[in-house]
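Reviewing the structure listed below.
Values reported hereafter were calculated over all heavy atoms of this structure, with side chains retained and with hydrogens, waters and symmetry mates removed. Below, chains carry the letters A, B, ... as their sequence lines are ordered, and counting in each starts from 1.
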Amino acid sequence: MSTRERRKYDPQEIETRWQQRWTEDGLYDAVIDEGREKLYCLTMLPYPSGDIHIGHWYAMVPSDARARFKRMQGYNVMFPIGFDAFGLPAENAAIKRNVHPKEWTYQNIENMRRQLKTMGAMWDWHREAISADPEYYRWTQWFFLQLWKHGLTYRKNSAVDFCPNCNTTLAREQVIGNDRKCERCTTTVIKKELEQWFFRITDFADDLLDFSSLDWPQRVQTLQTNWIGRSEGARVLFKSEGGDPIEVFTTRPDTLWGATFMVLAPEHPLVEKITSDEQRATVTTYAEQAVRQTEIQRLSLERDKSGVFTGGYAINPVNQEKIPIWIADYVLMGYGTGAIMAVPAHDQRDFEFARSHGLEVRPVVDTGGPLSGDEMDAATTERGAMINSGSLTGTPGEEAVTRTIAWLEEREAGESAINYRLRDWLISRQRYWGCPIPMIHCPMCGPQPVPEPQLPVLLPDDIEWRPTGESPLKYHPTWRLATCPECGGDAERETDTMDTFMCSSWYHYRYLSPDYHEGPWDPRELAYWMPVDVYTGGIEHGILHLLYTRFFTMALHRMGIVDFSEPKIQLRNQGTILGEDSEKMSKSRGNVVAPDDLVGRYGADCVRAYIMFFARWEQGGPWSPTGIEGVARWLHRTWSLLTEEATSATTGDGERELRRKIHQSAQGVTRDFEDFQFNTVISTLMELTNALVAAKSAGLAESSAFEEGTELLLKMIAPIAPHMAEELWALRGHEDSVHIQSWPEADSEAAKEELFTLVVQVNGKVRDKIDATIDLGESEALALALGSESVRRHLEGREPKKVIYVPGRLINLVG
RNA sequence: GCGAAAGUGGCGGAAUUGGUAGACGCGCAAGAUUCAGGUUCUUGUGAUCGCAAGGUCGUGGGGGUUCGAGUCCCCCCUUUCGCACCA
């Protein structure tokens, strides 16, 4: 105690010194240790945009603190970091400032690495991986080739989403909202007919719907489930009068007899053929208009069901009835087969369409409503017994779908089918700064994979990166020239690069062994560390990254490359820090909070603690410049508590109470850390500090309870304010680091209350509070209650009719 | 329209299973220290009536269950976020 120095708390000095020391000591190096349970904790990797902003801190600090907590609990924790370094912003910056994308990216990485280090997180920098490094993207290409070998990637010409501003195609997931905007730049995307590479993510639709082995937020599960959009029903084959097959998907095959017309999407390939000469001009005009509408915006909230008759007819396979074929923009080419059977009596959209175009409405399900189409004023969608349905008439509602499907299958007119909203993942990008697709196009042999020993296919540095809508690699004088690996003839390289979501789908594998050259990872590291145990990041990746990364590991699993099928077991999402004005932070609004400034003013420990304290982590909220002062005061108070001599040295009472507070705090902090409830971790520790300060001035500074309390406080602060805790730990004479101490085990005996405040209610209202011992029995409690002057007054002389006694809490007298 | 989450002081937010609503912090007020202070410390701080003791009201609104509801049930309102003619 006497060796304690009296020093001012100087966070900057302490933080720089300890960061250096930790690096020298390799304190945070994650090393395989079969004797300890591993825990792979991971935060979504940053994009090297230029500066670390407060949002990075918000994402990273709490997960770092929790990883530290887990490490103190005895887990062998790995907490790596890297950079998602390919991508459009580098090219955009390059165009704007005339600097090479590579240079821009790597300069930013250097700057951000420096900024990240001021955070004092327990990252193992030896495991850093950068997706734009050739040794990284070599393996991204290798994975592409494995997918190719197993038939999980293919090339297809189709109408794809293209962002005219980013000058590249996009995956379906990157097109946002009803008005179809680019996920990156919010430009409305257009459709283009292009030959592009796809990954067969739809092969994994059902696997992706299974979250049973995961501890993921319900919200993300719902997001992904809705995105995948599985619906069960039947595929039914209609034929045009000319005999062309028109396949439809329906979830209600039991309503087939009520199909009174068909509707095709305006872009449907058969439209041209079935349209009659009289209708051709009308149909062409409508189709052109519909296409233009998708290009502009379909905003009208009151969407009237527009459409035109093609002049063609189809035969309903269940009753050979001839029904008219219409086109309408409410049928989408991108979903199902782009054609529907319209059952106006039992589908509201079809109903509205039928009413506005004078088409027949024929009920075929008895839902208790009117049984004549003319009398209906809306479609009835409930299940019910089949009517007007040939031999199936009378089939009860519960069996209607299955029996109709059986009936269709017997007659080979249709079959049970499952339809998904999910599309295959389009990964081609017509941009320079990405991972080259390792394929060679041979005029004789077709697309051929680059032989594995030739990997990586290096991105050339000497490039004109202006965007044209085609890959800049195409304009390189020599890069694309290659020989066919199959026939040795002249061939051309694929000049598109991969979607960067491909690079980030597997980065957690590269962290295992970033310097390994024999494969994407060192198998021993993989066997020990994978899968990721705790994954944290923003909800904005709920569909994109988090769906792709699951697909990636599922594909590896199916290809026999790994023996697990989910990459990340537990997932938690943090919210967003808003500006003081409760708006999203942006330079143009001028409401950006710069972490570097805060670190300079308050120190990293204080910023860390405030970030954990100021809001519910999963929720986020507006930044408060005064709020951080309270946390700064707390840290200073803690510093003084542990460094300044007590003024009163007499031994006082209250050790038992102090120990109770200490161990109750340990219980609370442990539980809240476990549950990602960081704000209450801090508030509990503040209470403990306050209790220790009070105990100190009450003369308990020399007591063993006080010693115990300060020791526990330091250990529990260590994950939050690692530098300050380390400094105070050292000042107490410890040789080893506070960060390798065992997490305090709460003594539940010590935490137990001996006294409690008996709440005395009369008719459910609190009328008195009386201190009592915890083992107070009911009769004693009643006696205490009846002895209360206030209780007597509120009973107004009546005898309580009923007494409810909750031991250790309250007594309620009902009179 | 469908789905999800959320509504608690002036503010951010606490409240294991239904059992003292408002922990902790900000802000505010008064006082102390200070040449000074956007420092530090102490005290107070849901609203309302009252000199006080004490009372009444109070967790978006309405109803219900219960001895007792922020917490459970029903209806409604608001906000945020997803999806959006999904056949």
Task: Integer angstrom distance from the P of B:U43 to that of B:A36 - done: 24 Å
- [ ] Using only heavy-atom distances, determine whether the side chains of A:E352 and A:Y330 contain a donor-acceptor pair under 3.5 Å.
- [x] no
Open item on the list: I want to verify a distance call: between B:G27, B:G82, B:C81, whose nearest atom is closest to the A:T626 side chain?
Closed with: B:G27
Task: Sub-4.0 Å heavy-atom contacts from residues 334-351 of chain A onto RNA chain B, ordered by number - done: A:Y335, A:I340, A:R349
TODO: Answer with yes or no whether the side chains of A:Y420 and A:S231 bring together a donor and an acceptor at under 3.5 Å.
DONE: no
Open item on the list: Considering every strand and a 4.0 Å limit on heavy-atom distances, what is the contact class for A:R767: base, sugar-phosphate, or nothing?
Closed with: sugar-phosphate
Open item on the list: Between B:G61 and B:G70, how far apart are the two P atoms, rounded to whole Å?
Closed with: 12 Å
Task: Side-chain donor/acceptor of A:K305 to base of B:C85, under 3.5 Å - done: yes
- [ ] Calculate, to the nearest 0.5 Å, the distance between atoms CZ and CG belonging to A:R660 and A:D747 respectively.
- [x] 11.5 Å
- [ ] Please determine, for B:U34, whether a Watson-Crick or G-U wobble partner exists with both distances under 3.5 Å, and give it or none.
- [x] none
TODO: Please determine if a side-chain N or O atom of A:K8 lies less than 4.0 Å away from the OP1 or OP2 oxygen of B:U39.
DONE: no
TODO: May I ask which nucleotide in the shown strands pairs with B:C85, Watson-Crick or G-U wobble, both distances under 3.5 Å?
DONE: none
Open item on the list: With nearest nucleotide decided by heavy atoms, which residue, A:K765 or A:I176, maps closer to the 5′ end of RNA chain B?
Closed with: A:K765
Open item on the list: Would you compute the distance between atom CD of A:E232 and atom CD1 of A:I405 and round it to the nearest 0.5 angstrom?
Closed with: 8.5 Å
- [ ] Between A:G621 and A:G627, name the one whose nearest nucleotide on RNA chain B is closer to the 5' end.
- [x] A:G621
Open item on the list: If only side-chain N and O atoms count, and only distance matters, is there a donor-acceptor pair under 3.5 Å linking A:Y335 with A:N419?
Closed with: yes
Open item on the list: What's the gap between B:G7 and B:U56 when it is taken at their P atoms, as a whole Å value?
Closed with: 29 Å
Task: Presence of A:Q619 side-chain N/O under 4.0 Å of B:G13 phosphate oxygens OP1/OP2 - done: yes
Open item on the list: Please tell me if A:R633 has a side-chain N or O lying less than 4.0 Å from either OP1 or OP2 of B:U40.
Closed with: yes
TODO: Confirm from the modelled atom types if A:N679 and B:C24 form a donor-acceptor pair under 3.5 Å, side chain to base only.
DONE: no
Task: Closest listed nucleotide, where the reference is the side chain of A:R616 and the choices are B:C83, B:A23, B:G7 - done: B:G7
Open item on the list: Can you classify the ring geometry of A:W623 versus A:Y610 as parallel (below 30°), tilted (30 to 60°) or perpendicular (above 60°)?
Closed with: perpendicular
Task: Atom pair CZ (A:F351) and NE2 (A:H346), whose distance is rounded to the nearest 0.5 Å - done: 11.0 Å
Task: Interatomic distance where CZ belongs to A:F614 and P belongs to B:G27 [whole Å] - done: 16 Å
Open item on the list: For B:G55 and A:H794 - does any side-chain N or O of the residue sit under 4.0 Å from the phosphate oxygens OP1/OP2?
Closed with: yes
- [ ] Over all heavy atoms of both residues, which pair between A:F249 and A:A417 is shortest? Give the atoms and the distance, please.
- [x] CE1-O, 3.6 Å
- [ ] Give a yes/no on whether any side-chain N or O of A:N690 is located under 4.0 angstrom from OP1 or OP2 of B:G25.
- [x] yes
- [ ] Could you let me know what B:C67 is paired to, Watson-Crick or G-U wobble, both distances under 3.5 Å, or none if it's on its own?
- [x] B:G19
TODO: Pick base, sugar-phosphate or nothing for A:R235, based on heavy-atom distances below 4.0 Å to the nucleic acid.
DONE: nothing
Open item on the list: I'd like to know if the side chain of A:Q664 reaches the main chain of A:A751, judged simply by a donor and an acceptor atom lying under 3.5 Å from each other, with no hydrogens or angles considered.
Closed with: yes
Task: Pair A:Q677, A:R616: side-chain N/O donor-acceptor within cut-off below 3.5 Å - done: no
Short heteroatom pairs, N/O only, protein and nucleotides 15-22 of chain B, under 3.5 Å:
unit_1, atom_1, unit_2, atom_2, d
B:U16, O2, A:R671, NH1, 3.3
B:U16, N3, A:R671, NH1, 2.8
B:U17, O4, A:R809, NH2, 3.1
B:G19, N2, A:Q761, OE1, 3.3
B:U20, O2, A:K769, NZ, 2.9

TODO: Check RNA chain B against residues 573-584 of chain A and give the residues with a non-hydrogen atom under 4.0 Å, in numerical order.
DONE: none
- [ ] State the pairing partner of B:A47; accept Watson-Crick or G-U wobble contacts with both distances under 3.5 Å, and report none otherwise.
- [x] B:U56
Task: Whole angstrom value for the distance that separates C1' of B:G25 from CZ of A:F613 - done: 4 Å
Open item on the list: In whole Å, I'd like the distance from the CG atom of A:N226 to the P atom of B:C81.
Closed with: 17 Å
- [ ] Searching all strands shown, indicate the nucleotide that pairs with B:A4 (Watson-Crick or G-U wobble; both distances under 3.5 Å).
- [x] B:U80
Task: Complementary nucleotide of B:C11, counting Watson-Crick and G-U pairs under 3.5 Å - done: B:G25
TODO: Rounded to whole angstrom, note down the C1' distance from B:A30 over to B:A14.
DONE: 27 Å
TODO: Using whole Å, report how far CD1 of A:I628 lies from C1' of B:G25.
DONE: 13 Å
Open item on the list: Output the rounded distance in Å from CD1 (A:I611) to P (B:G13).
Closed with: 15 Å
TODO: Go through the side-chain N and O atoms of A:D424 and A:T202 and say whether any donor and acceptor fall under 3.5 Å apart.
DONE: yes
TODO: Using a heavy-atom cut-off of under 4.0 Å over every strand shown, decide if A:R423 touches base, sugar-phosphate, or nothing.
DONE: nothing
- [ ] Write down the distance separating the P atoms in B:A47 and B:G10, rounded off to the nearest Å.
- [x] 7 Å
- [ ] Quickly work out the A:L544 CG to B:C83 C1' distance and round it to whole Å.
- [x] 14 Å
Open item on the list: Centroid separation under 6.0 Å, is that true for the rings of A:F261 and A:F353?
Closed with: yes
TODO: Answer yes or no: does a side-chain N or O of A:R793 lie under 4.0 Å from OP1 or OP2 of B:G55?
DONE: yes
Task: Rounded distance (nearest 0.5 Å) linking atom CG of A:L214 with atom CG of A:L571 - done: 9.0 Å
Task: Separation of the P atoms in B:C57 and B:A69, to the nearest angstrom - done: 13 Å
Open item on the list: For B:C86 and A:R172 - does any side-chain N or O of the residue sit under 4.0 Å from the phosphate oxygens OP1/OP2?
Closed with: no
Task: Syn or anti conformation of B:G12, syn meaning chi within 90° of 0 - done: anti
Open item on the list: For A:D672 and A:T680, which I'm curious about, is there any donor-acceptor pair between the side chains at under 3.5 Å?
Closed with: yes
Open item on the list: Distance check needed: B:C86 C1' versus A:M333 CE, whole Å only.
Closed with: 14 Å
- [ ] Check whether any side-chain N or O of A:T251 sits under 4.0 Å from OP1 or OP2 of B:C86, and answer yes or no.
- [x] no
Task: Lys NZ or Arg CZ of A:R608 over A:W57 ring: under 6.0 Å, within 45° - done: no
Task: Mutual orientation of the aromatic rings belonging to A:W216 and A:F211 [parallel < 30°, tilted 30-60°, perpendicular > 60°] - done: tilted
Open item on the list: In whole Å, measure the gap between the C1' atoms of B:G9 and B:G19 for me.
Closed with: 23 Å
TODO: Please state how far atom NZ in A:K801 lies from atom C1' in B:U66, giving the value in whole angstrom units.
DONE: 16 Å
Open item on the list: Can you check the distance between B:A21 and B:G55, where both ends of the measurement are the P atom (answer in whole Å)?
Closed with: 13 Å
